[in-house]
Amino acid sequence: MTYIVQDIPVAAQAPPPRPSGVIGWLKANLFNGITSTILTLLCVALFAIAIPPVIRWGLIDAIWQAPNGPACHGNGACWAFIGEKFRFILFGFFPVAETWRPIVVVGIFLLMIIASCNRRMWGRRLGILWILGLFVVFALMRGGFAGMSQVETAQWSGLPLTLILAVVGMLFGFPFGVLLALGRRSKLPAVRAICVGYIELIRGVPLITLLFMASLMLPLFLPAGVTIDKLVRAQVAFILFAGAYLAEVVRGGLQAIPRGQIEAADALGLSYIQRTRLIVLPQALSMVIPPLVNTFIGIFKDTALVIIISLFDLLTMAETSLTDANWQGFYVEAYIFVGVIYWSFCFFMSRYSQLLEREFNRGKRR
Amino acid sequence: MSDSKPSSAPMIELQAVNKWYGEFHVLRDINLQVARGEKVVVCGPSGSGKSTMIRCINRLEEHQQGRITVAGIELNADLKNIDAVRREVGMVFQQFNLFPHLTVLQNLTLAPIWVRKLPKKEAEETARYYLERVRIPDQADKYPGQLSGGQQQRVAIARSLCMKPEIMLFDEPTSALDPEMIKEVLDVMVGLAEEGMTMVCVTHEMGFARTVADMMVFMDRGEVIERAPPKDFFANPKSDRTRAFLSQILAH
């Protein structure tokens, strides 16, 4: 056996150079070996086959202006249809002369959503802002004062309706879901039983059934002469539904909190509410951002189901626009148009959640 | 105890305390008094109930029989009493249990701000003072995950001290640490002991025990087997079980 002593320290050296430049990148990422090269070529071929026809249909052969439907049928898309119908699809049966009202409402929603994305805004002030914002939204949609004609909720349709159902559903459903999740883990058997029963009941029933119940059954139980607005009933159904789903997502996060965190909070003398608010929920919620956003996206798209109780959301308005005898057969164009709108909102949620995740995980990285 | 003055009453008193986990009798007739300023080191084989015992002192575990009094307050189902005791008793855990989503400074100021209702500025001054004391003043704005184990445990000690507790409980504070980090934590604890803090410490660090303990407690199978000043405890243990345990952990 030789006795080894390293008494001259090895100096730190720069790491070996990494492939750089366009050629280096191509080689490392697209043509790294035979399998990689074949897959790259296959993908290129696939794009070459698929993309040109789409571009030809959507842009080159597309008809951008046309007086009516028959004049608009050609080899390409008829974007003139969207030009003709986009006000109707977006704002539906809202009186045409007052279209500025739903436009402002959508603007308010967008502004509030963007404001809420800034973490520095989070707090009591943001809550007050939302309450005020929703109040303004309601006042603008409803009207009946300051020279604005009164518009019944039955005429609220299109994008504003979709946004109201989705945003209010999430805004109230989320705290409700958090409470349900906490209740499900409560030490009190009665609270736990109620929460478990509620969650299982709502989750076990399709949303359509809930909407039907809210729309058709609920009035039967109300005393004669008492009516609750149909939109309110649908909204409540949405909140109840969102709450149950979000509760299970939040519970997943709660279960991942190590016991030691709760013991440390207890040992410091924090109360249950302080412990939950300051220690448990911040960690639990940041852990479940991906499934949480998944659920939010689902809720957003589920608003399209309100057609079942004759509320006219964005998707329904697109379908309604197709029934115009002068403009027949432009299904693809209509669905692409609303599809892009739905996709924009969902993609925004997805990107924002990734940003949030990065921010929350700062402390975990070394 | 109306006839005794608070100063002479023990800070911690366990009288005939019993506890079961299901059918398993984990604490058996535990009697223990700890006077103000006294340092008690609890040792014993794993599963002997020493952690359970120390965790009963701030009611992280509930005892089923007997009486536990801490700083003159009896621990029972009354939540007010439990909160009052927890405000006066700091605890340091084997796994540190720092709050990973908060910075070191926020870890230290959280309880003083929310439980003691101190103004934020005052809480931060106190926090910086104790960070200085545990010799990591420059880590205040880091997250726990960015610190070494020894540093994390010292932050945990500082976090407890920020509540200005009367009593400090240590539940195997060095068991999860790499060997080279044990000393930095023990040094802080020795410093604390020298200042007259009332301490109950579950540990296998017998060198530390010899230096600071006023009283050694040896537990086995849920019972207190032996209770003696460290000089006698290490020189002439009375019970066979104590002797066997000591020979095992002092052998190397």
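Basis for what follows: all heavy atoms, side chains included, without hydrogens, waters or symmetry-related copies. Below, read A as the first sequence line, B as the second, and so on, with proteins coming before strands; counting in each chain starts at 1. Keep in mind that this is a model prediction, so the values were computed, not measured.
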Inset, instruction - Would you check if the side chain of His101(B) reaches a backbone N or O of Ser286(A) as a donor-acceptor pair within less than 3.5 Å? - result: no

Legend entry - Members of residues 82-94 of chain B whose heavy atoms come closer than 4.5 Å to chain A: Arg86(B), Val89(B), Met91(B), Phe93(B)

Legend entry - Nearest non-hydrogen partners of Ala264(A) and Asn97(B), listed with the distance: CB-O, 3.5 Å

Legend entry - Residues from residues 44-60 of chain B approaching chain A under 4.5 Å (heavy atoms): Arg55(B), Asn58(B), Leu60(B)

Legend entry - Val115(B) side chain near Leu268(A) side chain, heavy-atom distance below 4.5 Å: no

Inset, instruction - Answer yes or no: is there a donor N or O on one side and an acceptor on the other, between the side chain of Gln261(A) and the main chain of Leu98(B), under 3.5 Å? - result: yes

Inset, instruction - Quick one: which of Gln95(B), Arg159(B), Lys142(B) has the most heavy-atom pairs under 4.5 Å with chain A, could you say? - result: Arg159(B)

Inset, instruction - For atom CD of Gln13(A), decide whether the heavy atoms of other residues, nucleotides or ligands shown that lie under 6.0 angstrom number more than 12. - result: no

Inset, instruction - Check whether more than 12 heavy atoms from other residues, nucleotides or ligands sit under 6.0 Å from atom CZ of Phe172(A), and answer yes or no. - result: no

Legend entry - Atom group of Glu263(A) that falls short of 4.5 Å from chain B, counting heavy atoms: both

Inset, instruction - Tell me, yes or no, whether the heavy-atom count around Arg351(A) atom CZ, taken from other residues, nucleotides or ligands under 6.0 Å, exceeds 12. - result: no

Inset, instruction - I would like to know whether Leu110(B) and Leu278(A) meet side chain to side chain contact (heavy atoms under 4.5 Å, CB included); could you show each step before the answer? - result: CA-CA 9 Å; Leu110(B) 184 97; Leu278(A) 301 167; 4.0 Å; yes

Inset, instruction - Please indicate whether Arg277(A) has more than 12 foreign heavy atoms, meaning atoms of other residues, nucleotides or ligands, lying under 6.0 Å from its CZ. - result: no

